[in-house]
Amino acid sequence: LTSEEYEKNFAEIHPPFTPNSATAEANRCLYCFDSPCMKACQTHIDISTFIKKIASGNLKGSAKTILSSNWIALTCAKACPVEVLCEGACVYNARGEDPIQIGRLQRYVMDWYVERGMPPIFTPAPKNGKSVGIVGAGPAGIACAAELSLMGYGVTAYEAKSEPGGLDTWGIAPYKMKREDSLNEAKMVERLGATIKTGMRVGDNISLDDLIRKHDAIFLGVGLRTPTRLRIPGEELAGVHDALTFIERVTTRKWSSVDVGKRVAVVGAGNTAIDAVTEARRLGAEHVMIIYRRSSEEMSAYDFEFELAKIDGVTFHFLTAPKRILGTEHVEAIECVRMKLGAMDADGKRS
C-alpha cells in the first residue's frame, strides 16, 4: 500500500459536524429534566446544558461545561462507546427515533476550543505552597493534574514515555481519533500551571525517594497492567505480539515499520482485539481472523465494534482456543482445539 492508501484506510470513521449541522442537531435536544444521558455518562457531563449552549451559539460556555466534568473530553467525544452510554440512554430511542448525536456535538465544541488556541476558561486558585508529584501522565494523571492545579497546588507529572497521554496517545486506533487530540489535552493541563516531564520512569532515572523528598503528596496513575500471556508453547516466536504494542506502532503512523504479513490471527474478542484485527486488515493483510474460546454471546467487545470488524472482512472462529503456536524461527501456524460451553464461572461467563 502507498502512504496515501494507508491514510485513506485509517481516516476517521465519524466526520465532524459543520456549524450548521451542529446547530440543527443541538436544537433537536429536548433538554430532559432528568437527563438520562447525563446519568449514563461515566463522567456525568451536564449534557443538556452543553448542548443548549451550542444551540445558543455559546461555544466557549459549552466547552467550560464539558471540561468541568471531563478533562479528556476530546478523546471521549471520539473514542467513547456512546452507543451504549449517553446516546444509548437518549429518550429518542424509546420513540423509535435516532438519538441525539452527543459524541459528535461534544467533538464539535472541543474541536472549536482547540482550534482557537484553548483560551483560558478557568481561574486557578492562588498557589497554596503545596507540591504534588504525579506518576504517569495518562488520563488519570492528566485529570488529577488539572484538578490540583485549579486548587492551587504545584503539580509535576512524571511520564515514562516520550509523550504524555497514556492509552489515549498510544493505544487508540487512528480511525477513531488522532494522537494529536490527546497531546492537545495534555497541553491544556500544562496551561493551567502543571508541569509534565516525559522520559521519566520511576525506579530508572528517578527514584521513589526522590519524589517523596520533592513533593508533599504523590498520586499514582501508572496505567495498564502488563499484557495477558497465552501461556502456551511457541509464544516466544518472532511474529507474536501483544495487541497494545501492535496498536501503539500503528498510532505513530509510521506505516512502513508495521509489517503484518498476509495472514493475521488475533486471540481474544474484546475491544482491543477488535482494534488490532481491524488495523491489520487496513494495513493490507489479506486474511485476518479472531480466535475466541467462547461464543459471540460471551465476547466483551461492543456490538458496533463487532459490526465494524465484520464489515472489514474479519473472519471469526468462535469456540476455538489456541493450543500451541508452531514455527521454527517465525510463527507459521496455530494449533487450536474446539471448545464447548459449560457452566457459569466466577466472571459471570460460561466456562
Side-chain angles (χ1 to χ4, degrees), residues 11-59 61-63 65-66 68-70 72-112 172-173 175-177 269-275 277-278 290 292 294-314 316 318 348-350:
E12 289 182 283
I13 295 174
H14 302 295
F17 272 135
T18 64
N20 285 343
S21 59
T23 302
E25 184 68 10
N27 277 296
R28 287 183 59 227
C29 183
L30 301 175
Y31 313 121
C32 303
F33 175 75
D34 58 349
S35 295
C37 53
M38 179 179 175
K39 295 176 182 176
C41 173
Q42 296 186 348
T43 60
H44 304 302
I45 294 171
D46 189 345
I47 294 171
S48 295
T49 297
F50 98 69
I51 292 179
K52 195 175 187 72
K53 289 178 180 178
I54 296 174
S56 65
N58 181 9
L59 296 184
S62 182
T65 297
I66 294 168
S68 295
S69 298
N70 187 342
I72 54 169
L74 184 52
T75 293
C76 287
K78 294 185 176 185
C80 238
V82 292
E83 293 86 348
V84 296
L85 296 173
C86 56
E87 292 181 18
C90 180
V91 295
Y92 273 119
N93 290 300
R95 297 169 52 168
E97 299 180 42
D98 291 336
I100 301 299
Q101 297 182 58
I102 299 168
R104 290 181 71 193
L105 286 173
Q106 182 168 309
R107 176 198 173 158
Y108 174 72
V109 173
M110 296 314 301
D111 278 344
W112 178 92
I172 297 179
Y175 53 80
K176 293 181 179 176
M177 62 171 278
N271 294 309
T272 301
I274 297 292
D275 273 356
V277 78
T278 302
I290 286 277
Y292 181 49
R294 294 185 171 97
S295 74
S296 60
E297 296 298 318
E298 286 76 32
M299 65 187 295
S300 57
Y302 296 119
D303 288 342
F304 67 90
E305 300 272 18
F306 186 24
E307 291 301 317
L308 176 63
K310 288 191 288 186
I311 291 170
D312 277 357
V314 174
F316 287 81
F318 293 113
K349 295 181 179 179
R350 294 182 67 183

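For Lys176, the NZ atom is densely surrounded, since the number of other residues' heavy atoms within 6.0 Å is greater than 12.
Taking every heavy atom of both residues into account, Tyr31 and Ala55 meet most closely at OH-CB, 3.6 Å. Closest heavy-atom contact between Lys39 and Asp34: CE-O, 3.3 Å. When every heavy atom of Tyr175 is checked against every heavy atom of Ala11, the shortest pair comes out as CB-O, 3.5 Å. Scanning both residues, Ser35 and Ser48, for their nearest heavy atoms gives OG-OG, 3.2 Å. The two residues Val109 and Ile54 make their nearest non-hydrogen contact at CG2-CD1, 3.4 Å. Residues Arg107 and His14 approach most closely at NH1-O, 3.1 Å, considering heavy atoms.
The shortest distance between side-chain heavy atoms of Ile274 and Phe304 does not fall below 4.5 Å. Taking the side chain as every heavy atom from C-beta outward, Met299 and Phe318 approach each other to under 4.5 Å. Between Ser300 and Lys349 there is a side-chain heavy-atom pair separated by less than 4.5 Å. The shortest distance between side-chain heavy atoms of Cys41 and Ile47 falls below 4.5 Å. Using a 4.5 Å cut-off on side-chain heavy atoms (C-beta onward), Met38 and Ile45 make no contact. Val82 has its side chain out of reach of Ile102: every pair of non-hydrogen atoms, C-beta onward, lies at least 4.5 Å apart. The shortest side-chain heavy-atom distance between Phe17 and Asp111 does not fall under the 4.5 Å cut-off.
In terms of modelled atom types and a separation under 3.5 Å, the side chain of Gln106 and the main chain of Ala73 share a donor-acceptor contact. When atom types are taken as modelled, the side chain of Tyr92 and the backbone of Arg28 share a donor-acceptor pair closer than 3.5 angstrom. Remark: the backbone N or O of Ile172 is not paired with any side-chain donor or acceptor of Asp275 at under 3.5 angstrom. No donor-acceptor pair under 3.5 Å is formed between the side chain of Asn27 and the backbone N or O of Ala24. With hydrogens and angles disregarded, a donor-acceptor distance shorter than 3.5 Å links the side chain of Arg294 to the backbone of Arg350. Between the side chain of Tyr108 and the backbone N or O of Ser21, no donor-acceptor pair lies under 3.5 Å. With hydrogens and angles ignored, the 3.5 Å screen pairs no side-chain donor or acceptor of Ser69 with any backbone N or O of Ile66. Here the side chain of Glu25 pairs no donor or acceptor atom with the backbone of Ala22 at under 3.5 angstrom. Between the side chain of Thr23 and the backbone N or O of Pro19 there is at least one donor-acceptor pair closer than 3.5 Å.
One distance of note links CD1 of Ile51 with CD of Gln101; it measures 10.5 Å at 0.5 Å rounding. Asp46 contributes atom CG, which lies 8.0 Å from atom NZ of Lys53 (distance to the nearest 0.5 angstrom). Here the OG-CZ distance, from Ser296 to Phe316, works out to 9.5 Å after rounding to the nearest 0.5 Å. Once rounded to the nearest 0.5 Å, the distance linking OH of Tyr302 with CG of Leu85 reads 6.0 Å. Interatomic distance, Leu59 CG to Phe50 CZ, rounded to the nearest 0.5 Å: 11.0 Å.
For the side-chain contact (heavy atoms from CB on, under 4.5 Å) criterion with Met110, the lone passing option out of Thr75, Leu74, Asn70 is Leu74. A side-chain contact (heavy atoms from CB on, under 4.5 Å) with Val91 is found for exactly one of Cys37, Cys32, Pro99, namely Cys32.
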Derivation of the side-chain contact (heavy atoms from CB on, under 4.5 Å) call for Cys80 and Gln42: CA-CA 10 Å; Cys80 238; Gln42 296 186 348; over 6 Å; no
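With no hydrogens or angles considered, no side-chain donor-acceptor pair links Thr49 and Thr65 at under 3.5 Å.
Salt bridge status for Arg104 with Glu87: absent, with no side-chain N to carboxylate O gap under 4.0 Å.
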